[in-house]
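Encoded as structure tokens, the structure appears first; notes follow it.
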Amino acid sequence: MSTDAAELVHLDVSPGIATITLDSPANRNALSAQVRRELLAHLETAIADDAARVIVLTHTGTVFCAGMDLKESRGAGAEQQGVTEVPRILSTIWDSPTPIVARLSGPARAGGVGIVAACDIAVAAESATFAFSEVRIGVIPAVISVTVLPRLSTRAAHELFLTGETFDAARAAEIGLVNSAVADDGLDAEVARYTGMLALGAPNALAGAKEMLRRTRPESMERDFAEMNTLSAGFFASEEGQEGIRAFGEKRKPSWVPQD
């Protein structure tokens with residue numbers, strides 16, 4: 001693993017497995033501009049490496065990924081840049097010919113859930129939690145919906161997108177967001193079980209199987225991301241969105257929440 005203290009995402013390649021680690025725990029592994037840039041670069045490097053038969057996406061600290069870095073999103077321009085880059089990350093994971101396994105030992109929120117959904121396999125510790133918290137800060141989970149909605153039942157999507165409710169790993173497995181929810185001390189063994197099975201597959205056959213599976217979604221992901229970018233940017237730049245982001249940073253309720 002890289003020893004570069006300035007790097008926030010690391011790539012480590014061991015026999016057959018490339019591990020990409022989000023390492024910005026002070027920021028709850030939020031998708032800052034630096035994290036987005038480094039994550040995308042490491043994904044592209046790992047996918048191009050013939051020695052990497054499986055990619056594992058994991059994290060340091062107690063949080064897998066808190067979603068967009070809201071400190072950088074207080075101006076519409078910063079968020080506009082972010083919603084341009086996040087689709088590239090999600091589509092790179094989704095379209096990767098190399099299988100990608102998400103390993104979560106902590107919570108995922110908003111964009112972090114989008115990353116989990118984009119992965120082929122997702123394994124979560126029972127203590128991990130999830131939430132589509134966007135509506136509570138005046139925005140919507142537009143961009144991540146492109147990868148999340150194919151995974152979830154329609155009822156679950158309506159409930160969780162509209163309420164922003166936090167749900168646990170067992171519920172995430174029940175609704176199809178993750179493949180497996182295991183005891184915290186069994187997480188690494190479960191990830192190893194999946195990577196071991198994936199490594200048995202022939203590389204070209206795995207890539208072909210993934211291409212075949214993508215055909216079950218006939219609509220254009222590129223078109224969907226373009227439409228959702230526009231929708232998301234509008235909400236982030238809106239009066240509600242900016243108020244919600246300010247309230248989040250100031251640790252107060254936004255103005256639309258009924259007063260006690």
Side-chain angles (χ1 to χ4, degrees), residues 28-31 62-68 70 73 79 83 86-87 89-91 93-94 102-184 213 216-219 221 224-225 227-236 238 240-241 243-245 247-248 252-260:
R28 302 173 72 231
N29 289 319
L31 296 172
T62 59
V63 177
F64 173 75
C65 178
M68 289 299 296
L70 294 181
S73 302
E79 179 54 29
V83 297
V86 170
I89 293 169
L90 298 181
S91 61
I93 295 171
W94 187 275
R103 173 195 176 278
L104 293 83
S105 62
R109 296 289 185 270
V113 188
I115 289 175
V116 172
C119 292
D120 300 290
I121 303 289
V123 182
E126 288 177 341
S127 61
T129 60
F130 304 82
F132 302 101
S133 50
E134 288 88 344
V135 292
R136 297 192 179 188
I137 61 167
V139 297
I140 60 174
V143 172
I144 67 169
S145 71
V146 180
T147 58
V148 170
L149 291 181
R151 307 295 192 196
L152 303 190
S153 68
T154 301
R155 279 292 185 190
H158 277 249
E159 173 192 345
L160 298 170
F161 274 34
L162 294 176
T163 66
E165 179 185 21
T166 298
F167 56 101
D168 62 18
R171 178 83 193 282
E174 177 189 332
I175 63 177
L177 181 61
V178 303
N179 298 83
S180 184
V182 297
D184 290 23
L213 289 166
T216 64
R217 242 187 129 233
E219 68 270 26
M221 181 171 279
D224 290 349
F225 274 132
E227 292 176 355
M228 293 302 101
N229 272 340
T230 300
L231 186 61
S232 181
F235 273 87
F236 268 91
S238 71
E240 273 190 354
E243 159 63 9
I245 292 169
F248 180 86
R252 61 173 174 82
K253 293 180 180 180
S255 60
W256 61 78
V257 175
Q259 300 301 310
D260 295 333

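This structure is a prediction, so every number in the text was calculated from the model and none was measured.
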* Output yes when a side-chain donor or acceptor of N179 lies under 3.5 Å from a complementary backbone atom of A122, and no otherwise. => yes
Would you give me the side-chain donor-acceptor pairs under 3.5 Å for residues 133-142, sequence neighbours excluded?
| residue | atom | partner | partner atom | Å |
| --- | --- | --- | --- | --- |
| R136 | NE | T163 | O | 3.0 |
| R136 | NH2 | T163 | O | 2.9 |

* Structure fact -> Heavy-atom closest pair (F161 atom, S145 atom, distance to 0.1 Å) is CE2-CB, 4.0 Å
* Flag the pair T129 / R109 as yes when at least one side-chain heavy-atom distance between them is below 4.5 Å, and no otherwise. => yes
* Can you see which heavy atom on G106 is nearest to which on A128, and at what distance? => O-CB, 3.4 Å
* Asked: side chain to side chain contact (heavy atoms under 4.5 Å, CB included) between L177 and F167: does it pass, once the steps are laid out?
  -> CA-CA 11 Å; L177 181 61; F167 56 101; 4.0 Å; yes
* **Atom CZ of R252 with >12 non-hydrogen neighbours under 6.0 angstrom** => yes
* Using the side-chain contact (heavy atoms from CB on, under 4.5 Å) rule, pick out the option among I144, L104, T147, L90 that qualifies with I115. => L90
* How far apart are the closest heavy atoms of A117 and W94, and which atoms are they? -> O-CZ3, 3.9 Å
* Heavy atoms only: give me the nearest F64-R103 pair and the separation to one decimal. => CD1-O, 3.8 Å
* Would L213 and D120 satisfy side chain to side chain contact (heavy atoms under 4.5 Å, CB included), going step by step from the backbone distance to the final call? -> CA-CA 10 Å; L213 289 166; D120 300 290; over 6 Å; no
* **G244 to P254 - nearest heavy-atom pair and separation** => CA-CB, 4.5 Å
* Asked: Which heavy-atom pair separates D184 from S127 by the least distance, and what is that distance?
  -> OD2-OG, 2.7 Å
* Asked: Does a side-chain heavy-atom distance below 4.5 Å link W256 with E243?
  -> yes
* Does a side-chain heavy-atom distance below 4.5 Å link N229 with V143? -> yes
* Could you grab the distance from atom CD of E159 to atom CZ of R171, nearest 0.5 Å is fine? => 4.5 Å
* Asked: Backbone N or O of M228 within a donor-acceptor pair of the S232 side chain at under 3.5 Å?
  -> no
* Considering only heavy atoms from C-beta outward, does the side chain of F132 approach that of L152 to under 4.5 Å? -> yes
